[in-house]
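These notes concern the structure reproduced below.
Numbers here are sequence positions counted from 1.
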Amino acid sequence: MVYGNDLSVTNSNEETHSRILGYSQDKLKVLNFRTSLIHKDDLNQTGDLFKEGFQKGKFKQQIRIRHKDGQYLWFETKGRTFLDKYGKTKMLAVSRDITDLKSTEEKLI
């Protein structure tokens with residue numbers, strides 16, 4: 001996903017999000033990602049990390065996102081800022097599903 005410095009999504013790979021999270025592309029377009037899909041316990045941290053990421057130029061976090069079936073999946077998200085063709089600072093964020101890793105960690109604990 002690509003974010004503006006107001007944390008709005010300016011571009012995303014809806015096909016991938018649809019495949020991983022189970023929502024149709026049309027549904028993803030109308031959902032507010034932060035308030036609809038991010039686990040409530042991760043919401044404040046996520047906003048703070050994104051803002052800090054814009055200041056520092058990068059960030060990394062682990063976050064829970066709700067699948068269409070109601071379960072939460074764990075993702076590791078990394079972001080880095082860049083300047084778009086108009087000279088505006090944007091952030092490219094890439095996520096990977098780490099649900100199995102988190103499950104294994106919990107079992108080991």
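How far CE of M1 is from CG of L92: 11.0 Å, rounded to the nearest 0.5 Å. In this structure, I38 CD1 and R66 CZ are separated by 11.0 Å, a value rounded to the nearest 0.5 Å. How far CD of Q71 is from CG of L21: 10.0 Å, rounded to the nearest 0.5 Å. Rounding to the nearest 0.5 Å places CD of Q62 at 11.0 Å from CG of L49. Separation of atoms CZ (R80) and CE (M91) is listed at 9.5 Å; rounding is to 0.5 Å. In this structure, CZ in R19 is found 8.0 Å from CG in N13, a value given to the nearest 0.5 Å.
In this structure, T104 contributes its side chain and D100 its backbone to a donor-acceptor pair below 3.5 Å. Side chain of N11 to main chain of V2: no donor-acceptor pair is present (N/O by atom type, distance under 3.5 Å, no hydrogens or angles). For S18 (side chain) and Y23 (main-chain N/O), a donor-acceptor pair under 3.5 Å exists by modelled atom type.
When side chains are defined from C-beta on, T89 counts as touching L83, because their heavy atoms get closer than 4.5 Å. Looking only at side-chain heavy atoms (C-beta outward), K58 and K78 stay at 4.5 Å or farther from each other. The shortest distance between side-chain heavy atoms of L108 and E105 does not fall below 4.5 Å.
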Problem set entry | Verdict with reasoning, K102 to R64, per side-chain contact (heavy atoms from CB on, under 4.5 Å) | CA-CA 11 Å; K102 295 298 276 185; R64 292 165 285 186; over 6 Å; no
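D84 and K90 make their closest contact through OD2-CE, 3.3 Å (heavy atoms, listed as atom of the first residue, atom of the second, distance). Counting all heavy atoms, side chain and backbone alike, T10 lies closest to G4 at CG2-N, 3.9 Å. When all heavy atoms of Y3 and F54 are compared, the closest pair comes out as O-CZ, 3.7 Å. Shown here for G53 and T81, the closest heavy-atom pair between the two residues is O-CG2, 3.8 Å.
Criterion: ILVMFWY side-chain heavy atoms under 4.5 Å apart, direct or through other members. Under it, F75 and L43 are part of a common hydrophobic cluster.
Counting heavy-atom neighbours within 6.0 Å of E15 CD, excluding the residue itself, gives a total of 12 or less.
Of the residues listed (I63, L101, I98, I65), the one engaging W74 in a side chain to side chain contact (heavy atoms under 4.5 Å, CB included) is I98, and it is the only one. A side-chain hydrogen bond (donor to acceptor under 3.5 Å, both in side chains) with T46 is found for one member of H39, Q61, K51 and no other, namely Q61.
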